[in-house]
Protein chains: 2
Amino acid sequence: MTKATTDKRQGRPRGQSGHDRRAQIIEVATALFREKGYHVTSLDDIADRIGFTKPAIYYYFKSKEDVLFAIVSGIADEALARFRAIAQGPGTAGERIHALLVENTRTILRNPDANAVFYNERGLLSPEREQQMRRREREYTRIMRDLYAEGVASGELLDIDPAVATSTLLGASIWSYRWFNPKGRLSADEAAEQITRLLLHGYRLDR
Amino acid sequence: MTKATTDKRQGRPRGQSGHDRRAQIIEVATALFREKGYHVTSLDDIADRIGFTKPAIYYYFKSKEDVLFAIVSGIADEALARFRAIAQGPGTAGERIHALLVENTRTILRNPDANAVFYNERGLLSPEREQQMRRREREYTRIMRDLYAEGVASGELLDIDPAVATSTLLGASIWSYRWFNPKGRLSADEAAEQITRLLLHGYRLDR
DNA sequence: CCTACCGATCGGTAGG
DNA sequence: CCTACCGATCGGTAGG
């Protein structure tokens with residue numbers, strides 16, 4: 001369908017470096033997995049869009065699942081690093097939670113496709129890898145929950161169950177990958193600002 | 001694996017009525033689609049768990065997609081009916097939005113599996129059916145957006161983009177299907193109360 | 001609602 | 001990185 005104009009010689013990759021090719025496979029796979037889902041996307045689909053044939057992918061990845069894992073673990077690593085850095089930073093618990101939400105939302109809105117793949121398809125990984133992702137996620141959830149509990153104890157934050165608060169705030173932030181339109185009138189950072197302001201103050205102006 | 005103890009005679013269904021059987025297929029499919037995903041679940045998996053063989057499913061459904069559609073459209077119908085009823089009910093815009101969020105969250109938490117299937121797998125429907133679901137979703141999003149805009153105009157609600165507000169509030173509500181544990185210490189209604197209170201007031205106590 | 005059974009798709013590999 | 005090609009899975013159907 002999308003016939004490549006690239007000539008298909010034999011042997012090793014040429015032109016682009018191995019790193020670029022690998023990155024290109026991840027990029028194309030991310031778009032396709034987001035669009036059609038992991039199982040509906042065949043390795044031929046990915047190869048076609050690049051101008052490859054399927055076995056080329058096996059030069060860079062051991063399996064289809066490895067391609068998914070590369071996308072998903074990249075997102076998890078970024079998120080965890082972000083949470084750790086901010087949690088250890090300055091400010092009250094409430095201020096750090098706000099910083100966490102702003103940064104998290106911005107990052108998601110700047111790269112909605114990979115985040116969609118992370119949240120939609122990571123359940124399709126092998127049990128071991130899924131567990132690995134779950135552990136990463138539990139860790140950054142725990143970071144935020146502890147922060148929230150601290151803020152409740154000091155009287156700075158609304159007194160509800162910290163686990164419920166954390167999941168709800170993060171959920172509102174994460175959910176943005178589903179509706180945000182990068183080509184819409186709001187930029188990623190503008191949308192992130194409005195989302196986090198809403199979470200901070202609530203929607204009701206009862207003052 | 002899960003070998004059925006039911007005897008497998010020929011002919012039409014016995015014991016349970018046709019309606020029950022159909023409902024049973026939907027129930028089992030919902031659990032499996034939620035657990036493993038639509039494509040990883042085979043019709044044999046569904047039939048096995050009931051004590052059937054695969055062709056029995058074709059007595060009640062024309063295709064595998066029809067089973068998914070039954071689950072997904074059921075959820076969409078419920079949600080739309082709920083939104084319409086509350087939007088036309090009494091109260092200020094802010095009060096109706098609150099009622100909407102409470103009801104929506106409760107309903108999701110009382111039936112997280114079917115809602116998970118709705119949000120995770122509806123993209124796998126045929127283009128026509130996916131469009132149909134999208135239209136339903138757009139309609140109830142529009143109902144809430146209009147309500148939010150009304151509340152902003154009257155000065156009752158936080159002045160941010162109504163579309164952003166709507167998606168974020170609904171997202172926080174919907175996301176609950178992902179983390180809520182029906183066997184945990186909080187009941188569905190208790191969790192719904194905390195979630196909606198957080199959205200209403202925000203997490204920061206700055207009074 | 002069961003016993004076969006077909007056909008197509010697709011991940012993965014051989015061998016270069 | 002390409003040309004074949006294999007094997008398994010699985011939705012769906014025939015015929016009862």
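Keep in mind the model is a prediction, meaning the values are calculated, not measured. Each chain gets a letter, A, B and so on, in the order its sequence line appears, and its residues count up from 1. Scope of the values below: all heavy atoms of this structure, side chains included, with no hydrogens, waters or symmetry mates.
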Q: Would you please say whether a donor-acceptor pair under 3.5 Å links the side chains of A:D66 and A:Y58?
A: no
By the Watson-Crick or G-U definition, both distances under 3.5 Å, D:dC6 is matched with C:dG11
Check your understanding: Hey, is the side chain of A:Y60 poking within less than 4.0 Å of OP1 or OP2 on D:dC1, counting only N and O atoms?
Key -> yes
When rounded to whole Å, the CG to P distance for the pair A:L43 and C:dG12 reads 7 Å
Rounded to whole Å, OH of A:Y58 lies from C1' of C:dG12 at a distance of 5 Å
Atom CG of A:D45 and atom C1' of C:dT9 are separated, to the nearest Å, by 11 Å
When both distances are under 3.5 Å in a Watson-Crick or G-U wobble arrangement, the nucleotide paired with C:dG16 is D:dC1
To the nearest 0.5 Å, atom CD1 of A:I195 lies from atom OG of A:S176 at 4.5 Å
Here the distance between atom C1' of D:dT13 and atom CD1 of B:I57, to the nearest Å, is 14 Å
*Full working for salt bridge (Lys or Arg N to Asp or Glu O under 4.0 Å) between A:E103 and A:R106*: CA-CA 5 Å; A:E103 271 312 295; A:R106 272 188 190 154; 3.1 Å; yes
Rounded to whole Å, CG of B:D48 lies from P of D:dG11 at a distance of 12 Å
From CG of A:L124 across to P of C:dG11 the rounded distance in Å is 13 Å
note: A:K54, atom NZ; D:dC2, atom C1'; distance rounded to Å ~ 13 Å
Testing D:dC1, C:dG11, C:dC1 for proximity to the side chain of A:F52, the answer is D:dC1
Answer yes if the ring centres of B:W175 and B:Y119 are under 6.0 angstrom apart, and no otherwise. no
Side-chain contact check for B:A56: nearest option of C:dC1, C:dA4, C:dT13 is C:dC1
When rounded to whole Å, the CD to P distance for the pair A:E65 and C:dG11 reads 13 Å
State, yes or no, whether a side-chain contact exists between A:E150 and A:L147 at a heavy-atom distance under 4.5 Å. yes
**Prompt:** Counting just side-chain N and O atoms, does A:T53 come under 4.0 Å of either OP1 or OP2 of D:dC2?
**Reply:** yes
query: Quick one: is A:Y59 getting a side-chain N or O under 4.0 Å of the D:dC1 phosphate, OP1 or OP2?
result: no
